[in-house]
Each structure stands twice: as structure tokens, then as C-alpha cells.
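Below is one structure, written out as C-alpha cells, with a few remarks after it.
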Amino acid sequence: MRQTGFDHMNLFAEFRSLVLAELAAMAEAGLIPAGLDMANVAMEPPRDAGHGDMATNAAMVLAKPAGQPPRALAERLAARLAKDPRIAAVEVAGPGFLNLRLAASVWQGVVRTALLAGRDYGRSNLGAGRKVNVEFVSANPTGPMHVGHVRGAVVGDALAALLAFAGWDVTREYYINDGGAQVNVLARSAYERYREAHGLEPEIREGLYPGDYLIPVGEALKARYGTSLLNQPEAVWLADVRDFATDMMMEMIRADLAALNVRMDVYSSEKALYGTGKIEAALEALRAKGLIYEGILEPPKGKTPEDWEPREQTLFRSTAYGDDVDRPVKKSDGSWTYFAPDIAYHYDKVCRGFDELIDIFGADHGGYVKRMKAAVAALSDERVPLDIKLIQLVKLWKNGAPFKMSKRAGTFVTLRDVVDQAGAEVTRFMMLTRKNDVALDFDFDKVLEQSKDNPVFYVQYASARIHSILRKAAEIGIAVDDVALAAADLTLLTHQAEIDMARKIAEWPRLVEIAAKGNEPHRVAFYLYELASDFHGLWNRGSDDTSLRFIQEGNPAVSSSKIALVRATGVVISAGLAILGVTPAVEMR
RNA sequence: GGCCCCGUAGCUCAGGGGAUAGAGCGGCCGCCUCCUAAGCGGCAGGUCGAUGGUUCGAAUCCAUCCGGGGUCACCA
């Protein structure tokens, strides 16, 4: 395990280590057997505050393997832990929990740590620099991004930021599906707009893309090619128009992503895999493992498709890695299925040296998960784990009714429609207020509302209040920079309400690690809501109890300590919002 | 029919094997001569879909059902 300056931030991990050290000493002294499995020993914040600041299940987990009653084991461990000056009290409770109450100095130290670490407070080395590739969005380059892509874009971007914060070496990547039939459809659609640009009547036949967004493409084609493509057979212009149009579509998509403040590190092209031997090489790698064969699939169990006919295909033996059936990599006409270049693409990611892969897919691609995991497992000899996050639907609401409209496309709501109405930051936060695998309601009225109904506002309001206090403090001559506040006499923070605030701040580094382990960026949004709630509560305590007001007239020392706590809260809000891609509010308007 | 996801308070949802299951909204009752009441506090509200199993301990893990959604070979 690498030791770094950040490791001390997770207080729970620190005290867990203390417990493990004491257990090791007990083993050394022959009080418990040596070599016990400590993996399930946990140190957690108890649900009930009456149970102290931290609780460990060590005695219960180890009772059986140690051959001792849990409470007896707990008593022995408690006696040892009680000697640590950071621990104010230890009690054995329930079936054998060890509840720790920590010295106030520990919580005061948390405030100081947060102030000194600033935006880095909570940063972790959990990832230990491992290379992870997060592939997300990967929308077809056939039109503007629509609302269905927004959630995936936000989740992927926030997850990437979270993993970077937790110590991974992150690459954000977009896979351009520019190799299939749909880009030919795009080309034909754009060609009609090109004819239109020349004053001809476009023939937007069934199956072509009707969107207005192709009109500028037609005009650009006219500017580039003049009349030279008119009245020419498709074979003459298809490839050129396709490349021209997909390039323009990707420009549009990049601009859409930019409007959402999403930045990719790498764009990978499906088309670029063709003709380079990469697909063949990837399949050859599988063939060498005996995983490619010619065969005939059984019809799907239960419901057989109307046009089912037995057909010999080139198949990938994905069942060897947990899939339900083997999967075709070649169509009957000998061309690749979509799966084949995707295998090659993931092989490429493995070859580029990533230690972990993450794909963010729409929930409608759920059926694709097992085969993709099988492919990566086979290609990496099970070295590289692939986690696939499926993003459920977003239901848009406005004026109490489902919202469907698009200025440009008629049928779907574009990313721009959403960002124009809600703003990028509000959109980003709202998209993270649900786990990725449950549907999310996005209500245009609610996201713009300034009330606690709206979690974005609620967190931002806390941030604004914090800045308001800092401004006020500065006005009366209190130094509010982080270094000065960190040097304040924090032993003056003794009220339980203040300690509780510091406890919540102390949970942040732990939360980062939990969220990163599970690839669950939504946890950050929920935590920030709780943190804001605690802060609003503390703020209002000042109404009843003037000793809890942050600015104590005529007592700069006490004021500084309280403002240090306020600022530390702001530090965490800033760090958390940064992961979500949201700028903390300085004031409400 | 196979596979995947979901099922927790009236509603919308949190809850990495822990103790008496939480939050917001809605309902009821309170709090502004006081740092922003765009806020806060309290009360009421639950067989965690069902049944078995694993475990000292299950909303959480496993199995089988029941509901709801998604998906199912030459689309991507």
C-alpha cells in the first residue's frame, strides 16, 4: 500500500487502521489467533448519533474465528483503544459493537485539515494511479445530441472527475459510430439538402433524416463542391458526402458537449478500424484462444422471430465467459456486425494499457452487456475488468405535463433545448440526483425553482450563505483566508452542533472512496444535499442560541473559529460541486 | 419464453451485511425586534413486493415466485 500525504484524510480508515494495529498486537501477545481475516472489519459512522462518532464490528466479525464471545473480545479491544488520546470514550454495545467517541480535538483537526487542503480535501489515492478509460456518450454522428444523451454525458463526465479525484489516471473517451449503415443514411439525407441548396426540391424519403440541422450541411456541400455532385449517381458522391457530413455532425456534437461543459480526451472512430487490419487482428486474437467458430445459432427461446432461418455465421464463443448464447461477428453477406469493430475497439483499449474499462450505455443496450464483458475478459485474459453502467430514461416535464418538442428536429428534444432552458450546471446536478439505473424525472419548472424543492438551489443557497458570512466577517476585520482560519484557535469549537458539522465534513473523504469504488457519482450529489441541510440547520440554530452565530461581536477569536468551520464547509461544497461540474454560488440573486 | 434493471412512508427517492430503516414533497403544529425565513424545528405516516435460505446479524447476499419496465441472430 502506497503511503501518501492524502491517506490521513479519511478519518474512518485511519481509526480502522488503529483497530487493526491493536488486533495485531493482541495476536502478537497470544490473546487471539494470528492470521485472522480482517477484510470484514469495518469502521463506520453509526446511524444513530447516540452511538457515538464511530463504530466498529471487529469483535462480532472475529468472535467465531477467534473462538471468543464477541462481547469479551470487545471488552479487551476497548481497553486498548481507550488508551489512545484521540479517543474520549469507548463502549461495548448491542451484540458486540464498539462505539467510539472521539476527542473534540479530532473534529477540530478535521476543520483545519479541510482548510489546508482546500479543493484537494477528500482527494484520495484509492485508485493508486491505475489507468481507467471511461467511454461515454458515443452518440451516432447523424444529428445533434438529444436529451437521451444528456444524462449519459453527465454521468460519464462526473464519474471521470470522481475517479480522477480518487486517484485514478482517467481518460474520457467517445466512440464515433461512423462505420455503419446509418452514416450512409446521413449522407443521402445531406445530399438532398445539397440539392435543396441549389434550389431543387429535396426528396426526404422515408427512412432519411428529416431534421433541419442538415440544411447547413447542404449549403456547406454546395460551397465545397459547387454543382459537381448534381445529377451524379450515388456511387460517385456517397463516400465524400458521408465523410463531409459526419465531420460536420461531430463538430456539432462537440459543440453540444461543450455546452454541457463536457470535454473528451479521445475521440475514437469506428470507421478508422476498417481496412487497417485491426478488426481482423482482434478476432484473430480470439481465434487463437479457440473462441471463434463457424456455426448455426439456435432461435431465441420462447418467441421466435417471424423471419427466422438457420444460418451459418462466424460466431464468438461468448458463452465461455458468461454470456447466454454465442454472438455473431459477421453478417451473412460477409460484412462485420456492429459487434466486430466494437470488439476491436475494446481490444485497442486493452492494448493501450488501461487497467480498467468503464462503458456508459443507454439502458436499451442492456442486452449488449454480457457479450461485451465476455469479449474484454477473453481479450485481456481476464486482466482488465469492464464495468458497464446502463443509463435509464429521462422523462421531461413542463407545466405538469410530459414535455416533447424540438425546435430543430420536430420529434426529439435536443441537448440544446435542455441546456437553453435549464442551464448546463443545473442540468448536470439534476442528472445526478438519481442512481443511473432508475428513471429520472426532469421537471423544467422545478429545476429553475428557488426553493428546497430543488436540490441544486438548496446546495447553492448554502454556498451563498457561506460566502455571505465570509464577506461580513471580512468587513469587520476578520481574516478569512484559509491559512489564517486554519491558524485560528479551533479548540473554541466545542458546541455539539458545531462538532456535528465537523463530523459531516469528516465524512467527505470516506464518501469519495465509497462512490469511486462503486462508480456511483450520484452519491456526491446526495452527500452535498445532506451537507447543505446540516449547514442550514446550524445557521438557523443561531436564531435561538446567539452563542451559535458565526460572527460574535467583539470576540474575534471565537468568530474566527466559527468562520473556520463555515469556510471548511464551503471547501467541501466546492470540492463536491467541482466533481459534478458545477460552480459554487457566491450569492443568490 | 430467455436475459437485464426496478419494487422501501400517500408521492418522488436515498440507504457499500450491522443496532430503533432515512430524506424531500404532501398533511398537521411551531420559529423572523436576531449573520439572507429562497431557511429551520417538531408531529403523524413502514409486514423494505412475497416466501424460503446463508449469517451472530439481511432492505442489502442467494434461490424461487409476484408485479412494472427494457431487451432478444444478417440495427447501431
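Lettering of chains follows the sequences in order, A, B, ..., and the numbering in each one begins at 1.
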Exercise. Could you state the CG-C1' distance from A:Leu440 to B:A14, rounded to the nearest angstrom?
Worked result: 14 Å
Exercise. Within less than 4.0 Å of OP1 or OP2 of B:A73, is there a side-chain N or O belonging to A:Arg371?
Worked result: no
Exercise. Should the pair A:Asp323-A:Arg327 be classified as a salt bridge under the 4.0 Å nitrogen-to-oxygen rule?
Worked result: yes
For this session: Tell which nucleotide pairs with B:G1, taking only Watson-Crick or G-U wobble pairs whose two distances are both under 3.5 angstrom.
Result: B:C72
Exercise. At under 4.0 Å, does any side-chain N or O of A:Lys452 touch on OP1 or OP2 of B:A23?
Worked result: no
Exercise. NZ of A:Lys395 versus C1' of B:C11: gap in Å, rounded?
Worked result: 13 Å
Exercise. Using a cut-off of 4.0 Å on non-hydrogen atoms, how would the nucleic acid contact of A:Lys472 be classed: base, sugar-phosphate, or nothing?
Worked result: sugar-phosphate
For this session: Respond yes when some side-chain nitrogen or oxygen of A:Lys330 is under 4.0 Å from OP1 or OP2 of B:A73, and no when none is.
Result: no
Exercise. If we take the P atom in both B:C61 and B:C4, what is their distance in whole Å?
Worked result: 14 Å
Exercise. Which is true for A:Pro328 with a 4.0 Å heavy-atom rule: it touches a base, it touches only sugar-phosphate, or it touches nothing?
Worked result: sugar-phosphate
For this session: Quick one: label A:Ala93 by what it contacts on the DNA or RNA (base, sugar-phosphate, nothing), any heavy atom closer than 4.0 Å.
Result: base
Exercise. So, for A:Tyr347 and A:Tyr345, is the gap between ring centers shorter than 6.0 Å?
Worked result: no
Exercise. Under 4.0 Å: is that the gap between some side-chain N or O of A:Ser468 and OP1 or OP2 of B:U36?
Worked result: yes
For this session: Round to a whole Å and report the spacing from CG of A:Leu528 to C1' of B:G24.
Result: 16 Å
Exercise. Under a 3.5 Å cut-off for both distances, is B:C61 Watson-Crick or wobble paired, and to whom?
Worked result: B:G53
Problem set entry | Earlier contact from the 5' end, RNA chain B, for A:Lys517 and A:Lys370 | A:Lys370
Seminar exercise, completed: From the list A:Leu283, A:Asp342, A:Leu286, A:Leu315, side chain to side chain contact (heavy atoms under 4.5 Å, CB included) partner of A:Val329 resolves to A:Leu283
Seminar exercise, completed: Here the distance between atom P of B:G68 and atom CD of A:Gln392, to the nearest Å, is 16 Å
Exercise. With a non-hydrogen cut-off below 4.0 angstrom, is A:Ala363 in contact with a base, only sugar-phosphate, or nothing?
Worked result: sugar-phosphate
Problem set entry | Inter-nucleotide P distance (B:U51, B:U12), Å rounded | 23 Å
Exercise. Taking atom types as they are modelled, is there a donor-acceptor pair under 3.5 Å from the base of B:G15 to the side chain of A:Arg523?
Worked result: no
Exercise. Think A:Tyr368 has a side-chain N or O under 4.0 angstrom from the OP1 or OP2 of B:A73?
Worked result: no
For this session: Look through every strand shown and name the nucleotide pairing with B:G45 as Watson-Crick or G-U wobble, where both distances are under 3.5 Å.
Result: none
For this session: Could you work out the separation of B:G42 and B:G53 based on their C1' atoms and round it to a whole Å?
Result: 42 Å
For this session: For nucleotides B:G45 and B:A21, find the distance between their C1' atoms and express it as a whole number of Å.
Result: 14 Å
Seminar exercise, completed: Considering only heavy side-chain atoms of A:Tyr338, the closest of B:A14, B:G39, B:A76 is B:A76
For this session: Could you tell me which nucleotide pairs with B:G39 by Watson-Crick or G-U wobble geometry, both distances under 3.5 Å, or answer none if nothing does?
Result: B:C31
Exercise. Is there a Watson-Crick or G-U wobble partner for B:G10 with both distances under 3.5 Å, and which nucleotide is it?
Worked result: B:C25
For this session: Tell me whether the centres of the aromatic rings in A:Phe550 and A:Phe535 are closer together than 6.0 Å.
Result: yes
Exercise. Start at the 5' end of RNA chain B and walk down; is the nucleotide closest to A:Lys446 or to A:Pro46 reached first?
Worked result: A:Pro46
For this session: Look at atom NZ of A:Lys278 and say whether more than 12 heavy atoms of other residues, nucleotides or ligands are closer to it than 6.0 Å.
Result: no
Exercise. According to a strict under-4.0 Å criterion, is A:Trp539 in side-chain N/O contact with OP1 or OP2 of B:A37?
Worked result: yes
Exercise. Just checking A:Arg541: base, sugar-phosphate only, or nothing, at a heavy-atom cut-off of under 4.0 Å?
Worked result: nothing
For this session: Indicate, with a heavy-atom threshold strictly under 4.0 Å, whether A:Arg71 touches base, sugar-phosphate, or nothing.
Result: nothing
Exercise. Under a 4.0 Å N-O cut-off, is there an ion pair linking A:Arg242 with A:Asp178?
Worked result: no
Exercise. Can you tell me how far C1' of B:C3 sits from OH of A:Tyr321, to the nearest Å?
Worked result: 21 Å
Problem set entry | Aromatic contact, A:Phe136 with A:Tyr174 (centres under 6.0 Å) | no
For this session: Quick one: label A:Ala439 by what it contacts on the DNA or RNA (base, sugar-phosphate, nothing), any heavy atom closer than 4.0 Å.
Result: sugar-phosphate
Exercise. Between A:Val155 and A:Lys389, is any pair of side-chain heavy atoms under 4.5 Å apart?
Worked result: no
For this session: Using a 4.0 Å heavy-atom cut-off across all strands, classify A:His365 as base, sugar-phosphate, or nothing.
Result: base
For this session: Side chain of A:Asp48 only, please: which of B:U20, B:U36, B:A14 is the nearest?
Result: B:U20
For this session: Among B:A73, B:C40, B:G18, find the nucleotide with the atom closest to the side chain of A:Pro95.
Result: B:G18
Problem set entry | Nearest-neighbour nucleotide for the A:Ile469 side chain, B:C35, B:C3, B:A73 considered | B:C35
Exercise. With sugar-phosphate meaning primed atoms plus P, OP1 and OP2, does A:His51 contact a base, only sugar-phosphate, or nothing at under 4.0 Å between heavy atoms?
Worked result: base
For this session: Consider the side chain of A:Glu587, meaning its heavy atoms from C-beta on, and name the nucleotide among B:U36, B:C35, B:C40 that approaches it most closely.
Result: B:U36
For this session: Look at all strands and tell whether A:Asp453 reaches a base, only sugar-phosphate, or nothing, counting heavy atoms closer than 4.0 Å.
Result: sugar-phosphate
Problem set entry | Protein-nucleotide distance (A:Asp545, atom CG; B:G41, atom P), rounded to Å | 15 Å
Problem set entry | Pairwise C1' distance, B:A73 and B:G2 [rounded to whole Å] | 14 Å
Exercise. With a 4.0 Å cut-off on heavy atoms, is A:Glu309 in touch with a base, just the backbone sugar-phosphate, or nothing at all?
Worked result: base
Exercise. Salt-bridged, A:Asp324 to A:Lys370, with N to O below 4.0 Å?
Worked result: yes
For this session: Measure the distance from CZ on A:Phe526 to P on B:G24 and round it to the nearest whole Å.
Result: 13 Å
For this session: For A:Gly518, answer base if it contacts any base atom (sugar-phosphate contacts may also be present), sugar-phosphate if it contacts only those atoms, and nothing otherwise; contact means non-hydrogen atoms under 4.0 Å.
Result: nothing
Problem set entry | Nearest-angstrom distance, C1' atom, B:G16 to B:A44 | 32 Å
Problem set entry | A:Lys331 vs B:A76: side-chain N/O to OP1/OP2 distance below 4.0 Å | yes
Problem set entry | Whole-Å P distance, B:A23 and B:G46 | 15 Å
For this session: Give one of base, sugar-phosphate or nothing for A:Val61, where a contact means two heavy atoms less than 4.0 Å apart.
Result: base
For this session: Give none if B:U20 has no partner; otherwise give the nucleotide forming a Watson-Crick or G-U wobble pair with it, both distances under 3.5 Å.
Result: none
Exercise. Given the C1' atoms of B:U47 and B:A58, what is the spacing between them in whole Å?
Worked result: 15 Å
For this session: Please work out if A:Asn99 contacts a base, only the sugar-phosphate, or nothing of the nucleic acid, heavy-atom cut-off 4.0 Å.
Result: base
Exercise. Taking the chi torsion of B:C32, is it syn (within 90° of 0) or anti (everything else)?
Worked result: syn
Problem set entry | Residue A:Asp437, side-chain atoms from C-beta onward, closest of B:U12, B:G18, B:C5 | B:C5
For this session: Starting at atom CZ of A:Phe457, determine the distance to atom C1' of B:G24, rounded to an integer number of angstrom.
Result: 15 Å
For this session: Indicate yes or no for a side-chain donor-acceptor contact from A:Arg151 to the backbone of A:Gln392 under 3.5 Å, with no hydrogens or angles considered.
Result: yes
